[in-house]
Amino acid sequence: MQATQLLLEEPIRLASILEPSSPTAFSALTKIIGTLGPQSRDVETIEALLKAGMSVARFDFSWGDDAYHQETLENLKKAVKNTRRLCAVMLDTVGPELYVTNGNENAIELQEGATLVLTGEKGVQASATVLPINYDGLASVVKKGDTIFLGQYLFTGSETTSVWLEVGETKGKDVVCRIKNTATLTGSLFTAHVSHVRIELPTLSEADLNVISTWGQRNQIDFVSLSYTRHADDVRQCRQHLNSLGDLKQTQIFAKIENYEGLAHFDEILKEADGIILSRGNLGIDLPPEKVFLFQKVALQKCNAAGKACIVTRVVDSMVDSPRPTRAEATDVANAVLDGTDGIMLGAETLRGLYPVETITTIRKISAEAEKVFNQAVYFKRTIKGVAEPMQHLESIASSAVRAATKVRASVIVVFTSSGRCARLIAKYRPTMPVLCVVIPRLTTNHLRWSFTGAFQARQCLVVRGLFPMLADPRHSSDSASTTNESILKVALDHGKAAGIVKAHDRIVVCQKVGDSSVVKIIELD
Ligand SMILES: Nc1ncnc2c1ncn2[C@@H]1O[C@H](COP(=O)(O)OP(=O)(O)O)[C@@H](O)[C@H]1O
Ligand SMILES: C=C(OP(=O)(O)O)C(=O)O
Ligand SMILES: [K+]
Ligand SMILES: [Mg+2]
């Protein structure tokens, strides 16, 4: 990254860096996704997570059943009502994940140099010499010398509860491995990762399809995070399934790039998906360490150029056990923001970590500091250069809105939208000020019943950097007659004032349609 990427007024007095930053509700534009589980599923904790800045909750079906995740979601809904903060719901699929169920949950001590058999045989109890794995084809896809990584569910890779195995020989469904480091496996589920090997299991398993049709449909999920996406076809298949479930045709698909194969087909996957998750947990195992940074920078640049949201995962693993991150992790978060990420996803840190709320607060503060020195001018020039001309009207309007807001030092951009499209286009240009998205409901019918659009579209803004959605009152007619808009604009500004981002004499930029034409207005508040 060239030095010009940093907006540092030279010479910056190092002491000024230490001045405390003003804590405001919108103190970070970057979004934070928390994976909810044992340490973060009670109403009180979830309220604290929302106040700390979590705007999307991930329900990972790799572990926990329908009832478990339903109870957590009911608590999330209570917390949303109590705090009046919107939160989107993301359903994470299991996919072709390799895992070992440790039924009796006894800790398993593994000694370096000893032998361990991974078997595809059914009905085998886990022990320190044999582990039953869910994929009976493993023995036919691995060969002598291959590396297998085995960690507890939502492993962080650094702890002593994960182990590296080297494949010796295969016998029938058994893979005989040598243990390369002493470790203790704990918990009821271990996940395995075999480098550079194609696991012949469907990306959407039968179980996944069923979870989407039942839990997903019942709860009108905003996102599916599609684990181990390897091809664009995987996304198309998921889209087809969602479309067959009525309302879920509005659900967005975020493809998780978790291995080499997904990386190799990144461009086609990005075209097909609504967003991308750089699953650095598994990807970090599949890629050599020295290659991870470059993949992240290139992948983020491609997502930014496409105007699609991209999320980076597994950032502060040490906060599973500590109230502060390591300096390397803190710098990693800041660099992800400077690389252009829309959001940060937390896994073990919020699911089972000791400090879930502190983790969210830490991510928000680091993101806010990095956003202050994000060189939007350099980013804007590079992004607009990448857009073919003649530009689409809406792209021109959106980029003009951001340019105008930057030049007049607006405190906020207000955008009216029903689909969220214009808001996402504005976000593509990474404005330095928050974007208040006023989502206007539309009345639709599926010929069986009437319903309003807008709820999905508003919550789906919660994963895009800088977008802060609010649902306009459906009583306002959704046509763009300017009188209606003025009253809605007033409501939006009141919302902004309440949140502390708009105050008297501020300049704001408004993006809306008046009659048939899309306009960008600059307003001085009295
Ligand atoms: N209900 C509305 N009132 C005023 N302007 C609107 C409304 N809906 C969309 N717009 C404006 O229309 C243009 C197209 O935006 P887009 O997000 O594609 O609209 P929609 O979501 O309705 O398809 C943008 O300038 C946007 O601000
Ligand atoms: C997000 C990831 O996947 P999961 O947490 O679902 O294992 C990852 O591997 O980083
Ligand atoms: K998963
Ligand atoms: Mg993963």
Side-chain angles (χ1 to χ4, degrees), residues 33 35 37 58-64 90-99 149 151-157 189 191-193 203 205 207-208 211 224-229 254 256-259 262 276-286 292 311-315 317 344-351 392-398 400-401 413-426 435 437-442 453-454 457-458 461 472 474 476-489 492 509-521:
I33 299 175
T35 304
R58 177 176 77 139
F59 294 80
D60 186 3
F61 277 79
S62 283
W63 183 85
M90 180 180 274
L91 183 162
D92 191 293
T93 57
V94 180
E97 188 167 61
L98 293 185
Y99 57 82
F149 173 86
Q152 67 179 42
Y153 165 58
L154 289 191
F155 57 80
T156 59
L189 180 74
T191 53
H193 194 103
T203 300
S205 64
D208 287 325
V211 162
V224 169
S225 45
L226 191 58
S227 291
Y228 296 97
T229 300
F254 272 60
K256 283 166 72 180
I257 305 296
E258 304 208 49
N259 61 20
I276 295 285
I277 294 175
L278 303 185
S279 289
R280 301 189 316 172
N282 287 83
L283 202 60
I285 304 283
D286 226 23
V292 176
I311 305 294
V312 165
T313 78
R314 306 299 178 88
V315 287
D317 288 323
I344 300 274
M345 181 194 278
L346 298 156
E349 306 98 323
T350 48
L351 179 119
Q392 305 217 337
H393 291 187
L394 202 56
E395 181 101 32
S396 172
I397 286 283
S400 306
I413 295 174
V414 178
V415 54
F416 288 78
T417 180
S418 295
S419 62
R421 192 159 52 100
C422 187
R424 281 192 292 277
L425 270 174
I426 287 175
V435 181
C437 319
V438 182
V439 179
I440 317 269
R442 273 207 189 113
T453 67
Q457 288 71 20
C461 290
H476 289 297
S477 63
S478 76
D479 69 20
S480 50
S482 61
T483 44
T484 335
N485 276 341
E486 288 330 303
S487 62
I488 297 183
L489 179 57
V509 166
V510 180
C511 194
Q512 66 185 129
K513 212 185 278 181
V514 177
D516 275 349
S517 45
S518 295
V519 299
V520 177
K521 296 194 309 194

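The first residue in the sequence is number 1, and the count goes up from there. Note that ligands are numbered from 1 as they come in the structure, with each ligand's atoms numbered from 1 the same way.
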Ligand 1 to [X] polar contact by distance, N or O atoms, under 3.5 Å:
X	answer
Leu394	no
Cys511	yes
Val519	no

Does the [X] side chain pair with the main chain of [Y], one donor and one acceptor, at a distance under 3.5 Å?
X	Y	value
Thr35	Leu346	yes
Thr453	Arg442	yes
Thr229	Ile257	no
Arg280	Arg314	yes
Asp208	Ser205	yes
Thr191	Tyr99	no

Is Arg58 in contact with ligand 2, taking contact as a heavy-atom separation below 4.0 Å?
->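 Contact check Arg58 vs ligand 2: positive.
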
Answer yes or no as to whether an N/O/S atom of Glu97 is found below 3.4 Å from the K ion (ligand 3).
->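 So Glu97 does not bind the K ion (ligand 3) by this criterion.
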
Do any of the N/O/S atoms of Ser62, backbone or side chain, fall under 3.4 Å from the K ion (ligand 3)?
->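 For Ser62, the answer is yes, given that an N, O or S atom comes within less than 3.4 Å of the K ion (ligand 3).
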
How far does [atom1] of [X] sit from [atom2] of [Y], to the nearest 0.5 angstrom?
X	Y	atom1	atom2	result
Ile285	Phe155	CD1	CZ	4.5 Å
Lys256	Leu278	NZ	CG	12.0 Å
Met90	Ile33	CE	CD1	4.0 Å

So do the side chains of Glu349 and Asp317 get within less than 4.5 Å of each other, counting heavy atoms only?
->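 Side chain of Glu349 against side chain of Asp317, heavy atoms only: contact under 4.5 Å found.
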
Any idea which protein heavy atom is nearest [atom], and the distance to it?
atom	result
atom 5 (O) of ligand 2	Arg314 NH2, 2.7 Å
atom 6 (O) of ligand 2	Lys256 NZ, 2.6 Å
atom 9 (O) of ligand 2	Asn282 OD1, 2.6 Å
atom 8 (C) of ligand 2	Ser279 CB, 3.4 Å

Check each of Leu489, Asp516, Ile440 against atom 2 (C) of ligand 1 and report the one with the nearest heavy atom.
->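 Shortest heavy-atom distance from atom 2 (C) of ligand 1: Ile440.
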
Is ligand 2 under 4.0 Å from a heavy atom in the side chain of Ile277, in the backbone, in both, or in neither?
->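 Near ligand 2, Ile277 shows nothing, with every heavy atom at 4.0 Å or more.
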
Side chain, backbone, both or neither: the part of Asp60 lying under 4.0 Å from ligand 2 by heavy atom =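 Just the side chain.
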
Proximal ligand 2 atoms for Gly281, defined as those under 4.0 Å from one of its heavy atoms =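 It comes down to these atoms of ligand 2: 8 (C), 9 (O), 10 (O).
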
Thr313: numbered ligand 2 atoms lying under 4.0 Å from its heavy atoms |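 The atoms of ligand 2 under 4.0 Å from a heavy atom of Thr313 are 1 (C), 8 (C), 10 (O).
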
Would you please determine whether Arg442 falls within less than 4.0 Å of ligand 1 on a heavy-atom basis?
->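 Right, Arg442 reaches ligand 1.
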
Three-point angle Thr93:O, the K ion (ligand 3), Asp92:OD1, rounded to the nearest 10° =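 For O of Thr93 and OD1 of Asp92, the angle centred on the K ion (ligand 3) reads 60°.
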
Do we see a donor-acceptor contact under 3.5 Å between the side chains of Ser62 and Asp92?
->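 No, no side-chain donor-acceptor contact under 3.5 Å.
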
